[in-house]
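This report refers to the structure that appears directly beneath it.
Remember, it's a predicted structure, so these values are computed and weren't measured experimentally.
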Amino acid sequence: MKIQVLLILAVVSALGNTLKASPEMNERLRDVIAIVEEKQNSSAPVPRKIIEGAKGIAIIEITKGGFGISGQHGKGVLIAKAKDGWSAPSAFDASGGGLGLQVGVEVRKLIYILNNADAVNAFAQDDKFKLNAIANATAGPDNVTEEASTINKHDIYVYSMTEGAFAGAAIGGEMMSTNLKVNRKTYGSSVSTSDILNGKITRPENAKRLYTALGVN
């Protein structure tokens, strides 16, 4: 009887830890779900054919602001197309600074459609990288007909929804990298980024709306 009680307590404790795990990931999921729902419910959603052909999708909100010397920071998630469906989300961050005559605050909501494995691997690496140093990115097309047999693919399509006003041209750009701390808090200390993106990790329950908004399984 005592052993049974201990087992029940252990299960309840484990469930409690799961429910409370990684508020940072929960916050990211809320933000990126809002971005995707806003875009897909707009007059110019990301075309279904573009999403179906993607190898990965990264969503992030980046806040940029300053006077003279600017700073920027963003939090997002990356999902990848795995063997049996789309992967659990992996956390990544953007950071950076710039120089120039800059006044104001700008909030950029970005959806990156990653069209090949190299683009996915770039977003999945632990070390910081600058987007324009590793991939050929372009603004994503808003219209792709079902009859189109070929699409002029770049490594990455970028869909941007920008709020606010930011005056001036900055020198430099975002540096991006995987947030291992958030991933480990969410999935466990022994889980690697490749484990997450290869579909070896169960997707969090509260991420369902993200996949529904994107129309993917």
Side-chain angles (χ1 to χ4, degrees), residues 7 10-37 40 46 48-61 74-95 110-129 131 134-135 137 153 155-159 175-217:
L7 287 173
V11 170
V12 171
S13 175
L15 289 173
N17 288 338
T18 300
L19 292 173
K20 296 177 182 177
S22 188
E24 297 94 339
M25 180 63 85
N26 294 338
E27 180 182 354
R28 286 168 188 260
L29 286 170
R30 286 194 299 269
D31 290 344
V32 301
I33 288 169
I35 291 171
V36 174
E37 289 181 341
Q40 295 309 91
V46 181
R48 168 64 32 211
K49 196 173 185 70
I50 295 294
I51 293 176
E52 289 175 350
K55 300 300 182 184
I57 301 173
I59 310 108
I60 191 168
E61 181 174 290
K75 298 177 182 179
V77 302
L78 163 68
I79 61 173
K81 188 178 287 182
K83 182 179 179 181
D84 297 318
W86 286 79
S87 74
S90 173
F92 75 98
D93 295 337
S95 60
L110 302 167
I111 300 174
Y112 296 99
I113 302 296
L114 313 178
N115 290 318
N116 55 46
D118 287 342
V120 175
N121 291 337
F123 272 83
Q125 63 183 294
D126 299 338
D127 295 329
K128 290 186 177 182
F129 72 93
L131 186 61
I134 54 85
K153 277 197 173 182
D155 295 332
I156 299 173
Y157 289 141
V158 185
Y159 292 88
M175 298 296 293
M176 300 187 185
S177 63
T178 298
N179 191 313
L180 295 174
K181 183 177 179 180
V182 172
N183 282 347
R184 287 168 179 168
K185 281 186 176 181
T186 304
Y187 304 113
S189 58
S190 62
V191 173
S192 67
T193 305
S194 61
D195 286 338
I196 299 169
L197 299 178
N198 287 336
K200 297 179 181 178
I201 305 301
T202 301
R203 302 190 312 209
E205 185 71 18
N206 58 346
K208 279 185 176 180
R209 274 180 60 191
L210 174 60
Y211 304 94
T212 299
L214 289 167
V216 299
N217 298 318

Which atom pair, heavy atoms only, marks the closest approach of [X] to [Y]?
{"X": "L197", "Y": "A82", "result": "O-CB, 4.0 Å"}
{"X": "A94", "Y": "M176", "result": "CB-CG, 4.1 Å"}
{"X": "T193", "Y": "S90", "result": "CG2-OG, 3.8 Å"}
{"X": "D155", "Y": "A119", "result": "O-CB, 3.7 Å"}
{"X": "S87", "Y": "Y211", "result": "O-OH, 2.6 Å"}
{"X": "P89", "Y": "N183", "result": "O-OD1, 4.3 Å"}

**Asked** Taking N116 for the side chain and D118 for the main chain, is one N or O donor matched with an acceptor at less than 3.5 Å?
**Response**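 Judged by distance alone, yes, a pair lies under 3.5 Å.
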**Request:** Could you please spell out the steps behind the side-chain contact (heavy atoms from CB on, under 4.5 Å) verdict for R209 and E37?
**Result:** CA-CA 9 Å; R209 274 180 60 191; E37 289 181 341; 2.7 Å; yes
Between [Y] and [X], is there a side-chain heavy-atom distance shorter than 4.5 Å?
{"X": "V120", "Y": "Y112", "answer": "no"}
{"X": "I156", "Y": "N115", "answer": "no"}
{"X": "E27", "Y": "R30", "answer": "yes"}
{"X": "S22", "Y": "R184", "answer": "no"}

Rounded to the nearest 0.5 Å, what's the gap from [atom1] on [X] to [atom2] on [Y]? Could you check?
{"X": "I51", "Y": "I113", "atom1": "CD1", "atom2": "CD1", "value": "5.5 Å"}
{"X": "K75", "Y": "D31", "atom1": "NZ", "atom2": "CG", "value": "8.5 Å"}
{"X": "I33", "Y": "L210", "atom1": "CD1", "atom2": "CG", "value": "5.5 Å"}
{"X": "N26", "Y": "T186", "atom1": "CG", "atom2": "OG1", "value": "7.5 Å"}

**Request:** For I196 and L78, run side-chain contact (heavy atoms from CB on, under 4.5 Å): C-alpha distance rounded to whole Å, both residues' side-chain angles, the deciding distance at 0.1 Å, then the answer.
**Result:** CA-CA 10 Å; I196 299 169; L78 163 68; over 6 Å; no
**Item:** Residues which pass side-chain contact (heavy atoms from CB on, under 4.5 Å) with K181, listed by chain and number, not counting sequence neighbours
**Value:** N179, K185
**Prompt:** Are side-chain N/O atoms of S192 and D195 paired as donor and acceptor at under 3.5 Å?
**Reply:** yes
**Item:** For F92, all residues meeting ring-ring contact (aromatic ring centres under 6.0 Å, His included), sequence neighbours excluded
**Value:** F123
**Evaluation steps, side-chain contact (heavy atoms from CB on, under 4.5 Å), between T178 and Q125** = CA-CA 6 Å; T178 298; Q125 63 183 294; 5.7 Å; no
**Asked** Of the options I111, L110, V32, which is the one that meets I60 in a side-chain contact (heavy atoms from CB on, under 4.5 Å)?
**Response**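 Of the listed options, the one satisfying the test is L110.
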**Asked** With sequence neighbours left out, which residue pairs that include part of residues 81-95 fulfil the salt bridge (Lys or Arg N to Asp or Glu O under 4.0 Å) condition?
**Response**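 Sorted pair list: R28-D93.
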**Item:** CA sep, side-chain torsions, deciding dist, call: V216, E52, side-chain contact (heavy atoms from CB on, under 4.5 Å)
**Value:** CA-CA 8 Å; V216 299; E52 289 175 350; over 6 Å; no
